[in-house]
Amino acid sequence: MGRKLKEKKLSASILTAIRNRPGHRPLAANTRAGDTIIASYNVHKCVGIDKQFDPERIARVITEIDADVIAIQEADKRFGQRSGLLDLDWLERESGLVPVPINAMSPTGHGWHGNLLLSRKGTVRHVHQLKLPGVEPRGALVVDIDFAAGQLRIIAAHLGLLRRSREQQAEAIMAAFETEEVLPTLLIGDLNEWRVGKRSSLASLLPIFDPSSGAVPSFPSRFPVLALDRVLGHPHNLVTAVEVHDTPLARIASDHLPIKAHIDLASLLSTGEPLRDRVNQAI
């Protein structure tokens, strides 16, 4: 057996062990059933691991993902005019994805603190731009969408690099959640937390969201070992499958791999019970 083949098999074995370690979502938890695909992608300001600024490459990865809704992080320049980095017209032509309407942080910007939500299904019913506490300026988008199968709330966020900031931001998201109408809800985005146990800065999300249920390694893109990008459902059975979008293009386009969640609104909402009872029973 050649050296390169041995190294490839060893790397695959190590990666499998990392992905299956306790606290992360096992492959056995995926059922593949569902009616809607929601994705998340930190595009790293369109700079790939080859240090090249290439928005077109990022756009091609987004079309590869083929999601019904996708949350984008770092969609704008961080300083100056905070201009948007993606060709939204091209994305609409190629994939049907259009931006959820928000008040961007600049006239030429796409997002709210870099958060952009694109959708090609459903009707946007309500948008709340949530400012998050912490040392760095951070924010989240809280968006209610009517799909054919029912209503879904999506909280798209990019949490901070500092542990204490993430704790405060998770608490702020939960405070906002408790004041809203009860709906099936997804919390999705780059939550910047690799821990999945008691030491996780996302502990305050329990029991409404289970931080380990959507933990699949997505960073760094060349050899993903850390579950920085998460998708968490309320109720917990809302998400039927979570996977990393791992393709040759995605491995180089950003330092994060995108993640995809399959959800099953139709099954969740198929009984005649009041929505609050259905949601609470399924936690």
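- Using a distance-only test at 3.5 Å, with no hydrogens or angles considered, a donor-acceptor pair links the side chain of R120 to the main chain of A67.
- The backbone N or O of S254 lies less than 3.5 Å from a partner atom in the side chain of S221, making a donor-acceptor pair.
- Nearest approach of S40 to D190, heavy atoms of both residues: OG-N, 4.2 Å.
- Considering all non-hydrogen atoms of both residues, T63 and S95 come closest at CG2-CB, 4.1 Å.
- Using cut-offs of 30° and 60° on the angle between ring planes, the pair F219 and H256 is tilted.
- Closest approach of I263 to L152, counting heavy atoms only: CD1-CD2, 3.5 Å.
- Between the side chain of E136 and the main chain of L161, a donor-acceptor pair closer than 3.5 Å is present.
- Between the side chain of D76 and the main chain of G111, a donor-acceptor pair closer than 3.5 Å is present.
- In terms of heavy-atom proximity, A71 sits nearest to I188 at CB-CG2, 4.2 Å.
- Minimum interatomic distance between R166 and G160 (heavy atoms only, all atoms of both residues): CG-O, 3.0 Å.
- Put simply, the side chain of R164 never gets that close to the backbone of V135: no donor and acceptor are under 3.5 Å apart.
- Residues L265 and L238 are in side-chain contact: their nearest non-hydrogen atoms beyond the backbone lie under 4.5 Å apart.
- Considering only heavy atoms from C-beta on, I49 stays 4.5 Å or farther from P220 through its side chain.
- At a threshold of 4.5 Å between non-hydrogen side-chain atoms, the residues L86 and I58 count as touching.
- In this structure a side-chain-to-backbone donor-acceptor pair under 3.5 Å is present from K260 to I65.
- The backbone N or O of G139 lies less than 3.5 Å from a partner atom in the side chain of N115, making a donor-acceptor pair.
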Derivation of the side-chain hydrogen bond (donor to acceptor under 3.5 Å, both in side chains) call for D210 and S213: CA-CA 5 Å; D210 178 3; S213 67; 4.5 Å; no

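- Legend: residues meeting side chain to side chain contact (heavy atoms under 4.5 Å, CB included) with R251, ordered by chain and number and at least two apart, are D246, P248, L257.
- Residues T31 and H262 form no side-chain contact, since every pair of their non-hydrogen atoms from C-beta on lies 4.5 Å or further apart.
- Taking the ring centroids of H245 and Y41, they lie at or beyond the 6.0 Å cut-off.
- Each of L141, N103, V127, V100 was checked for a side chain to side chain contact (heavy atoms under 4.5 Å, CB included) with W112, and the lone residue meeting it is L141.
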Pair H113-Q129, side-chain hydrogen bond (donor to acceptor under 3.5 Å, both in side chains): steps then yes or no: CA-CA 10 Å; H113 291 283; Q129 296 177 216; over 6 Å; no

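- A salt bridge does not link R60 to E64: none of the charged nitrogens lies less than 4.0 Å from a carboxylate oxygen.
- Between P217 and L226 the shortest side-chain heavy-atom distance does not fall below 4.5 Å.
- Between H110 and A104 the shortest heavy-atom distance is C-CB, 4.2 Å.
- Side-chain atoms of L187 and I208, non-hydrogen and from C-beta on, never get closer than 4.5 Å to each other.
- M174 is listed as a side-chain neighbour of F209, based on a closest heavy-atom distance under 4.5 Å.
- Residues H126 and E181 have side chains not in contact (no heavy-atom distance under 4.5 Å, counting atoms from C-beta outward).
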Check step by step if side-chain hydrogen bond (donor to acceptor under 3.5 Å, both in side chains) holds for R138 and Q169. CA-CA 8 Å; R138 297 281 176 166; Q169 291 155 5; 5.7 Å; no

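- Of the options V143, V142, V182, a side chain to side chain contact (heavy atoms under 4.5 Å, CB included) to R153 is made by V142 and by none of the others.
- The number of heavy atoms from other shown groups lying within 6.0 Å of CD (E171) is above 12.
- For D255, there are no side chain to side chain donor-acceptor pair (under 3.5 Å) partners at least two apart in sequence or on another chain.
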